[in-house]
Structure formats: C-alpha cells, structure tokens
Amino acid sequence: MFWRLKYKTWGMDHGLSKRGDVLLKIINQRKPRHFLEIGVFTGVTAKNICMLLKKLHGNDYSYIGIDLFEEIDNEQVADEKAPKILQTAQCLIESVYKFLEGYNVRLYKGNSTDLLKNISGIDTVDFVFLDGGHSYNTVYSDLSALTKYVRKDVTILCDDYAGIASVTEAINDFAKDHGFKVVIHDNPSVWKFAEIIR
Ligand SMILES: C[S@@+](CC[C@H](N)C(=O)[O-])C[C@H]1O[C@@H](n2cnc3c(N)ncnc32)[C@H](O)[C@@H]1O
C-alpha cells in the first residue's frame, strides 16, 4: 500500500513540522525496530515514529521515550515570545501515554542520563533520536551514556545541531574527544540533524 512519509502535527504548532519529513525519511531508510527517543515532550514526534514503525514491522517493534514529563509553568506560558504550543501542550506522562495509545510504547520519567543505565532492553535499541535537555552538559552526558549502553552499530541522530550553540558545541566536543565523526543531515530549517558515527 502506498504511504506518504508526511510528518503530522495533529493541529499543534510544532517545532519539528518543517523538518519532520526529513526525520521520517532517515528512519524509513534505516528501518529500525527498537527506537529510543530522548525528549518526548507531547509525543508528536513519538506518534509519527510509532506510525512509521508499525507500517514497517506490523506489531514487531518498540518505542521507548524518556522525558522529565513536567508541567509547563505559568510564567513560561505567559511569555509572549514563547511558542504557541506551550499554551496547550499536554506533556505529563499520563497524557502522552493516552496520545500514544495503541502503539508499543514504554515511557520513562526522569533525567535521561541517570535513567539510561537502568532501561531494560536498551541493548536491543537500533535507533536513537536525541532531543532532550539542550544544555552543553546534558547533551554531552547523554551522548556519553548512550555510547556506553547502546550497541555500537546503532544510529544516534541528534536534533538542533547548528541552531543551538550549546548543542552544537557539545556534539562537536564529544565527537572530537572520542574520535567519532559527525555527519550532518540537511533539512529546510536552521536546526540540523547530526548523526554520530562511531
Ligand atoms: C524539544 S523537547 C522534545 C520534543 C520532541 N522530541 C518532539 O519532537 O516532539 C525537549 C524535551 O526534553 C525534555 N528534557 C529536558 N531535559 C531533560 C533531561 N535532563 N532528561 C530528560 N528529558 C529532558 C523536556 O522535558 C522536553 O519535553
């Protein structure tokens, strides 16, 4: 059956809407079965990924998502420069589970770097999308934990390269410190996808 790789937003004002098609295309090329996303937020990308995995593998796939799953505070919502999605975002773990109902999903609440070592099945993951905390230290420590706990042949794709200085620097430093390569996957926005090649 013909199926277009079109990133859906379910009417939400979503940051990945301009580059989501490119993300889906990369995932479709690699055809992973066990996916890990760090930084789930409302689950919009998670749902796009689950739909694709289901098309590719029927019921034989899994999605693991890690996030702080915290309530957005009123101050953030009141800031007029804040993205519109914050006003309506449902990002508590219960809401995200509900939004992803019907898919093979496991969600973990907490700090990604701390959680990674205790996630069962982490050794079966074959694609990681890193889009969690965007500070230098969080990106660097997530990458360090990932390379410790996921298999060597796993795709590790990071969001927001080039668009956010702390993310770009952490990825570049991490790759340099470990002798890994960074490959940029271009897309129509300033926030690029960077793949870590080990
Ligand atoms: C840019 S959003 C993720 C968007 C999501 N990937 C999508 O495309 O819909 C970043 C998320 O990372 C989460 N986050 C920030 N720091 C984190 C940390 N240290 N551990 C786990 N999640 C974190 C935030 O709660 C937020 O939901």
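Keep in mind the model is a prediction, meaning the values are calculated, not measured. Whatever order the structure lists them in is the order used to number ligands and atoms, beginning at 1.
For Glu37, every heavy-atom contact with ligand 1 shorter than 4.0 Å involves the side chain, none the backbone. Neither the backbone nor the side chain of Thr113 comes within contact range of ligand 1; no heavy atom lies under 4.0 Å.
Of all protein heavy atoms, the one lying nearest to atom 21 (C) of ligand 1 is Gly110 O, 3.3 Å. Looking only at heavy atoms of the protein, atom 4 (C) of ligand 1 is closest to Asp131 OD2, 3.3 Å. The protein heavy atom nearest to atom 27 (O) of ligand 1 is Asp67 OD2, 2.7 Å. The nearest heavy-atom contact from the protein to atom 23 (C) of ligand 1 is Leu68 CG, 3.6 Å. In this structure, the protein non-hydrogen atom closest to atom 20 (N) of ligand 1 is Ser112 N, 2.9 Å. Protein heavy atom in closest approach to atom 9 (O) of ligand 1: His14 NE2, 2.8 Å. At the shortest separation from atom 5 (C) of ligand 1 among protein heavy atoms lies Gly39 O, 3.3 Å. If you check which protein heavy atom lies closest to atom 8 (O) of ligand 1, you get Thr45 OG1, 2.5 Å.
Of all atoms in ligand 1, numbered sequentially from 1 with element shown, those under 4.0 Å from a heavy atom of Asn111 are 19 (N), 20 (N). The distance from ligand 1 to the heavy atoms of Gly132 drops below 4.0 Å at these ligand atoms: 10 (C), 12 (O), 14 (N), 15 (C).
At a 3.5 angstrom cut-off on N or O pairs, His134 does not count as close to ligand 1. Residue contacts with ligand 1: Tyr7 is placed with no nitrogen or oxygen under 3.5 Å of a nitrogen or oxygen of the ligand (distance criterion only).
The closest approach between Gly43 and ligand 1 stays at or above 4.0 Å for every heavy atom of the residue.
Looking at Lys109 and Glu94, no side-chain N of the basic residue comes within less than 4.0 Å of a carboxylate O on the acidic one, giving no salt bridge. Here Asp21 pairs with Lys6 in a salt bridge; the nearest charged N to carboxylate O distance falls below 4.0 Å. Of the charged side-chain nitrogens involved, at least one lies within less than 4.0 Å of a carboxylate oxygen, so that Arg19 and Asp159 count as a salt-bridged pair.
Asn172 places a side-chain heavy atom less than 4.5 Å from the side chain of Tyr161.
Between Asp142 and Ser112, the side chains place a donor N or O and an acceptor N or O closer than 3.5 Å (distance only, hydrogens not considered). A donor-acceptor contact closer than 3.5 angstrom is absent between the side chains of Asn137 and Ser135.
The nearest pair of heavy atoms linking Leu53 to Arg33 is CD1-O, 4.5 Å.
Under a cut-off of 6.0 angstrom, the local environment of NZ in Lys31 is crowded, with over 12 non-hydrogen atoms contributed by other residues, nucleotides or ligands.
Annotation: the span from Asn48 atom CG to Leu23 atom CG amounts to 8.5 Å, rounded to 0.5 Å.
Aromatic ring pairs are classed by plane angle as parallel below 30°, tilted from 30° to 60° and perpendicular above 60°; the pair Phe174 and Tyr140 is perpendicular.
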